[in-house]
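The structure appears below as structure tokens.
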Amino acid sequence: MTVLFRKGMIIVTAMVLLSACSTTSKPETNERFDSLEFQSVKVAPFDQALTFARVMVNKERHIIVLTEFLNGRIKGVDLTRAMGSHLDDPISAYTELGYTEMVKLVKDSQVNYSITVSVDRLIMPVDLNDKHIAAGINYLAHAGETGVKEGPFLFSKHVTPTGFNTSVAIQEGLLDYEVELAAVTLGPVREGKLPNEYGLILTNDFTNRAALLRNIDVTDVTSGKGFATGKSFSGYLPVGNLFVIPKNPEQFAKNLHLTLFVNDSIRQVSSTNLMVWDFERIVSETWKMKHVEWEFNGESIKLMGGDPWIKARTLIMSGTPDGVVFQGIPLTTKLSGVFSWLTGGWGTSIPLNVMEAYIQDAKESSLYLQPNDTVSIHVNTMGTLQNKIVQ
């Protein structure tokens, strides 16, 4: 009788609280998307960075070193023609010439090999791997909004990067956005130390929150368990239209202004100087975790893919700032999950009942990204992304 009374009190309390509390709403601000501003990006001067894009010319990929990104058009030097070679990848060309010689060649070639193209003609700016290292909870404000009190932490993302203007499918889940700056290794990284030279690129770390919530370890979110499962769907890693190799990448990466819009409303706005771990620290922590394993698609995976070093062309993703759709699990949803468990959901744990209650509520309220939404990212000196959401 006592047990039934206690259960009854819990149920009554839950019902009262559920009726008294409102549901979670989408994050919004008053700032609006400016399509004209989005068409232009400040390009870093050569004494700070080399900025690359790629375009198809006569069915062949050509490298462009940018001098201008203005009103939906880019100007620069066709590096592939200037080098007089078959090279069609910025990292390969940079490995052959180096920073100083490439700058000299570009300056000498501005008259004979100049090129101007529309931004919508650009293709993936650099060749990349399909296994990447990612940091979670690397901005304190993001930790606060999600309710994860410990961090940063690392996890693996296994997906082939796609272009800045490719569509992204919801995959029957809860699709969330995450603007991130990523380092790109130019060669193998050995002994846990990031080299002085590396590239930078923008990414959108799209996440299926339903898949993630169903697979995380709720007792230790920072273990990284389940993150590969929730973040490694096909198409969930579009990258920016520009690839940048700074002269001093550590300094260059410190003060970038990140902005992400959904349709015409800004959702994320922050600065990379708010990262808790910089790229060097992320690599150092990767080395400490090189033997840690997770399960993904029935297989065991590691941060470095089981290799003794980090491969060239690996993305090292620095985490996202605050402003994502997921704002933690509301108290009302937690109580709803407990109620579900008490009234017949004993076949699964209380946390899983809570997660399913959140997923169902979020789907019914259309809280997450929906078909025909457009997610846009704009970062000066780094480029843009604009991805249409589809079913």
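For reference, positions follow the sequence shown, starting with 1.
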### Message
For Phe38 and Phe33, I'd like to know if the aromatic rings sit close, meaning centre-to-centre distance below 6.0 Å.
### Response
yes

### Task
List for me each residue that meets side-chain contact (heavy atoms from CB on, under 4.5 Å) alongside Thr160, sequence neighbours excluded, and say none if there are none.
Asp130

### Arg313 backbone acceptor or donor facing Thr185 side chain under 3.5 Å
yes

### Message
If I take atom OH from residue Tyr177 and atom CG from residue Asn204, how far apart are they, to the nearest 0.5 angstrom?
### Response
10.0 Å

### Query
Per the side chain to side chain contact (heavy atoms under 4.5 Å, CB included) rule, which among Leu122, Thr116, Val43 passes with Ile74?
Leu122

#### Entry: Test ring-ring contact (aromatic ring centres under 6.0 Å, His included) applied to Phe227 - qualifying residues, sequence neighbours left out
Phe153, Phe155

#### Entry: Candidate pair Lys42 and Phe69, rule side chain to side chain contact (heavy atoms under 4.5 Å, CB included), full reasoning
CA-CA 7 Å; Lys42 178 183 177 182; Phe69 187 137; over 6 Å; no

#### Entry: Same cluster (ILVMFWY, side-chain, under 4.5 Å), Leu260 and Ile170
yes

### Query
Any Lys/Arg nitrogen of Glu197 or Lys247 sitting under 4.0 Å from an Asp/Glu carboxylate oxygen of the other?
no

### Query
Is it true that a side-chain atom of His132 and a backbone atom of Pro161 form a donor plus acceptor pair closer than 3.5 Å?
no

### Task
Please report the C-alpha distance between Glu356 and Lys334 in whole Å, then the side-chain angles of each, then the deciding distance to 0.1 Å, and finally whether the salt bridge (charged side-chain N to carboxylate O under 4.0 Å, His left out) criterion is met.
CA-CA 10 Å; Glu356 290 302 326; Lys334 292 177 181 178; over 6 Å; no

### Query
Does the side chain to side chain contact (heavy atoms under 4.5 Å, CB included) test come out yes or no for Trp309 and Glu191, once each step is laid out?
CA-CA 7 Å; Trp309 53 74; Glu191 301 178 4; over 6 Å; no

#### Entry: Asp89 side chain vs Asp127 backbone, donor-acceptor pair below 3.5 Å
yes

### Query
Do Leu128 and Val283 belong to the same hydrophobic cluster, where Ile, Leu, Val, Met, Phe, Trp and Tyr are linked whenever their side-chain heavy atoms lie under 4.5 Å apart, directly or via other members?
no

### Message
According to side-chain contact (heavy atoms from CB on, under 4.5 Å), who are the partners of Ala49, at least two apart in sequence or on a separate chain?
### Response
Ala44, Val244, Pro246, Phe252

### Task
Could you tell me whether a side-chain N or O of Ser340 sits under 3.5 Å from a main-chain N or O of Ser336, the two making a donor and an acceptor?
no

### Query
Hey, mind stepping through Glu101 and Glu96 against side chain to side chain contact (heavy atoms under 4.5 Å, CB included) and telling me if it holds?
CA-CA 9 Å; Glu101 286 301 314; Glu96 182 169 312; over 6 Å; no

### Task
Using only heavy-atom distances, determine whether the side chains of Ser270 and Asp322 contain a donor-acceptor pair under 3.5 Å.
no

### Task
Give the intermediate values and the outcome of side-chain hydrogen bond (donor to acceptor under 3.5 Å, both in side chains) for residues Asp205 and Thr203.
CA-CA 6 Å; Asp205 180 21; Thr203 72; over 6 Å; no

### Task
Mind running side-chain hydrogen bond (donor to acceptor under 3.5 Å, both in side chains) on Thr259 and His257 for me, showing each step along the way?
CA-CA 7 Å; Thr259 56; His257 186 69; 5.8 Å; no

### Query
So, Thr314 side chain and Ile310 main chain: donor-acceptor pair closer than 3.5 Å or not?
no

### Task
Mind checking the NZ-CG spacing from Lys254 to Asn248? Nearest 0.5 Å is all I need.
8.5 Å

### Task
Answer with yes or no whether the hydrophobic clustering places Phe243 together with Met124; edges join I, L, V, M, F, W, Y residues whose side-chain heavy atoms lie under 4.5 Å apart.
yes

#### Entry: Test side chain to side chain contact (heavy atoms under 4.5 Å, CB included) applied to Val239 and Thr162, step by step
CA-CA 6 Å; Val239 299; Thr162 51; over 6 Å; no

### Query
Is the number of heavy atoms from other residues, nucleotides or ligands within 6.0 Å of CG (Asn112) greater than 12?
yes

### Query
Does the distance from a Lys or Arg side-chain N to an Asp or Glu carboxylate O, for Arg267 and Glu145, drop under 4.0 Å?
no

### Task
Could you tell me if the ring centre of Tyr358 sits under 6.0 Å from that of Phe326?
yes

#### Entry: Joint cluster assignment, Leu237 & Val179, ILVMFWY side-chain distance < 4.5 Å
no

Output a table of donor-acceptor pairs, distance under 3.5 Å, between side-chain atoms of residues 381-391 and any protein atom two or more places apart or on a different chain; print 'none' if there are none.
{"residue": "Thr384", "atom": "OG1", "partner": "Asn241", "partner atom": "ND2", "Å": "2.9"}
{"residue": "Gln386", "atom": "NE2", "partner": "Ser376", "partner atom": "OG", "Å": "2.9"}
{"residue": "Asn387", "atom": "ND2", "partner": "Phe164", "partner atom": "O", "Å": "3.2"}
{"residue": "Asn387", "atom": "ND2", "partner": "Thr166", "partner atom": "O", "Å": "2.8"}

### Polar contact flag, side-chain donor to acceptor under 3.5 angstrom, Glu180-Ser318
no

### Message
Strictly distance-based, threshold 3.5 Å: is any side-chain N or O of Asp176 a donor or acceptor partner for the main-chain N or O of Val325?
### Response
yes

### Query
Nearest 0.5 Å, what's the CG-CG distance between Asp278 and Asn138?
9.0 Å

### Message
Rounded to the nearest 0.5 Å, what separates atom CG in Asp88 from atom NE2 in His62?
### Response
8.5 Å

### Message
With a 6.0 Å cut-off (strictly less than), is the heavy-atom count around NZ of Lys363, excluding the residue itself, greater than 12?
### Response
yes

### Arg81: side-chain hydrogen bond (donor to acceptor under 3.5 Å, both in side chains) partners, not counting sequence neighbours
none

### Task
Spell out, as yes or no, whether a donor-acceptor pair under 3.5 Å connects the side chain of Thr207 to the backbone of Arg209.
no

### Query
Any salt bridge between Arg73 and Asp120, counting N to O under 4.0 Å?
no

### Task
Return yes if some donor-acceptor pair links the side-chain N/O of Thr333 with the main-chain N/O of Ile329 below 3.5 Å, else return no.
no

### Message
side-chain hydrogen bond (donor to acceptor under 3.5 Å, both in side chains), that's the test. Do Gln327 and Thr146 meet it? Break it down for me.
### Response
CA-CA 5 Å; Gln327 300 283 304; Thr146 59; over 6 Å; no

### Task
Would you confirm whether Asn208, through its side chain, and Ala210, through its main-chain N or O, come within 3.5 Å as a donor-acceptor pair?
yes

### Query
Got a salt bridge between Arg54 and Asp78, using NZ or NE/NH1/NH2 to carboxylate O under 4.0 Å?
no

### Query
When you look at Asn353 and Thr348, which way does the side-chain hydrogen bond (donor to acceptor under 3.5 Å, both in side chains) test go after all the steps?
CA-CA 7 Å; Asn353 274 271; Thr348 56; 3.0 Å; yes

#### Entry: Cationic N near anionic O, under 4.0 Å, Lys225 to Glu295
no

## Note on the structure
Output for pair (Ile377 CD1, Leu202 CG), nearest 0.5 Å, gives 6.5 Å

#### Entry: salt bridge (charged side-chain N to carboxylate O under 4.0 Å, His left out) evaluation trace for Lys288 with Glu285
CA-CA 5 Å; Lys288 296 176 185 177; Glu285 295 296 327; 3.2 Å; yes

### Message
To the closest 0.5 Å, what do you measure between NZ (Lys75) and CD1 (Ile64)?
### Response
13.0 Å

### Query
Given a cutoff of under 4.5 Å between side-chain heavy atoms of I, L, V, M, F, W and Y, with clusters grown through shared members, what are the other residues clustered with Met56?
Ile123

### Message
If only side-chain N and O atoms count, and only distance matters, is there a donor-acceptor pair under 3.5 Å linking Thr222 with Asp220?
### Response
yes

